[in-house]
Participant: 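One structure is given below, represented as structure tokens, and several questions about it will come after.
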Amino acid sequence: MDHETFAARVQALRGRLYRTAYLYLGSEADALEAVDETVYQALRALRQLRQPELFDTWLTRILLNECHRELRRRKRFTPAGEEALPETAGPDAYDSLPLKEAVRRLPEDLRAVIILRFFAGLSQAETAAALEVPQGTVATRQRRALALLRLELGEEGDI
């Protein structure tokens, strides 16, 4: 894949990558940084991409690794027992919605499936490839996550 094709494909995916990073990290600045770092890492490793038809999944996997790296960094630098300062007025008014908070409280493996399937718009096969798990595992995690979300939000009638 040449650099022009790379740039065009990244540009086409940039919005989806940003939404995914934002849902993982909860911060506009961190999401933009993660997307930029993802594009940089992908460009550096472009020669290692053996199957260009899996470019979208490959790039998503790099983004997920970058988001996990940022979450680990936050955990190291956040004093125990202290909550991180909330974001001030961000661009998205849905930050306080119960669904977003419920998704954030899901276990990591379930949260990843929900974000990729329903917010990033990946298919079940693409989600499995991005998370490097079998498709059946994605289906199981999706069912569990949706059941947990129904339990948590069901009494409020929000889903």
Participant: Within the structure provided, determine whether R111 and L23 are in side-chain contact (heavy-atom separation under 4.5 Å).
Facilitator: no
Participant: Look up atom CG in L148 and atom CG in L153, then write down how far apart they are to the nearest 0.5 Å.
Facilitator: 10.5 Å
Participant: How long is the span from the CG atom in L106 to the CZ atom in R104, to the nearest 0.5 Å?
Facilitator: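 L106 CG to R104 CZ: 12.0 Å, rounded to 0.5 Å.
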Participant: For a quick test of reading the model, state the closest non-hydrogen atom pair linking Q124 to A139 and the distance between them.
Facilitator: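 Smallest heavy-atom distance, with atoms named: NE2-CB, 3.2 Å.
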Participant: Using salt bridge (Lys or Arg N to Asp or Glu O under 4.0 Å) as the criterion, list what pairs up with R14, not counting sequence neighbours.
Facilitator: D36
Participant: When rounded to the nearest 0.5 angstrom, what distance separates OG1 in T20 from CG in L25?
Facilitator: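 Taking OG1 in T20 and CG in L25, the distance rounds to 10.5 Å.
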Participant: Quickly, which of Y40, W58, F55 forms a ring-ring contact (aromatic ring centres under 6.0 Å, His included) with F6? Name it, please.
Facilitator: F55
Participant: List the steps and the verdict of side chain to side chain contact (heavy atoms under 4.5 Å, CB included) for F118 and V103.
Facilitator: CA-CA 11 Å; F118 298 105; V103 169; over 6 Å; no
Participant: Rounded to the nearest 0.5 Å, how far apart are CG of L131 and CD of E126?
Facilitator: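 Between L131 CG and E126 CD, I get 11.5 Å after rounding to 0.5 Å.
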Participant: How about S27 and R74: do any of their side-chain heavy atoms sit closer than 4.5 Å?
Facilitator: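 Of all side-chain heavy-atom pairs linking R74 with S27, at least one is under 4.5 Å.
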Participant: So, R61 versus N65: side-chain donor-acceptor pair below 3.5 Å or not?
Facilitator: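 Result is yes, a qualifying pair exists.
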Participant: Indicate, with yes or no, if L59 and L54 share a hydrophobic cluster defined by side-chain heavy-atom contacts under 4.5 Å among Ile, Leu, Val, Met, Phe, Trp and Tyr.
Facilitator: no
Participant: Report yes if some heavy atom in the side chain of T60 is under 4.5 Å from a heavy atom in the side chain of R16; otherwise report no.
Facilitator: yes
Participant: Would you name the heavy atoms of V138 and V113 that are closest together and state the gap between them?
Facilitator: O-CG1, 3.9 Å
Participant: Are V133 and R141 packed together at the side-chain level, in the sense that at least one heavy-atom pair is separated by less than 4.5 angstrom?
Facilitator: yes
Participant: If you compare all heavy atoms of L49 against all heavy atoms of P52, which two are closest, and at what distance to 0.1 Å?
Facilitator: CD2-CA, 4.0 Å
Participant: With a sphere of 6.0 Å drawn around CD of Q11, does it hold more than 12 non-hydrogen atoms of other residues, nucleotides or ligands?
Facilitator: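 Count not over threshold, so no.
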Participant: Between CD1 of I114 and CG of D109, what distance do you get to the nearest 0.5 Å?
Facilitator: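 I114 atom CD1 to D109 atom CG measures 11.0 Å (nearest 0.5 Å).
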Participant: Can you name the residues that form a salt bridge (Lys or Arg N to Asp or Glu O under 4.0 Å) with R143, not counting sequence neighbours?
Facilitator: none
Participant: For E108 versus Y24, what's the shortest heavy-atom pair and its separation?
Facilitator: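 Smallest heavy-atom distance, with atoms named: OE2-CE2, 3.4 Å.
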Participant: Which value, rounded to the nearest 0.5 Å, describes the distance between T38 atom OG1 and L43 atom CG?
Facilitator: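 The OG1 atom of T38 sits 12.5 Å away from the CG atom of L43.
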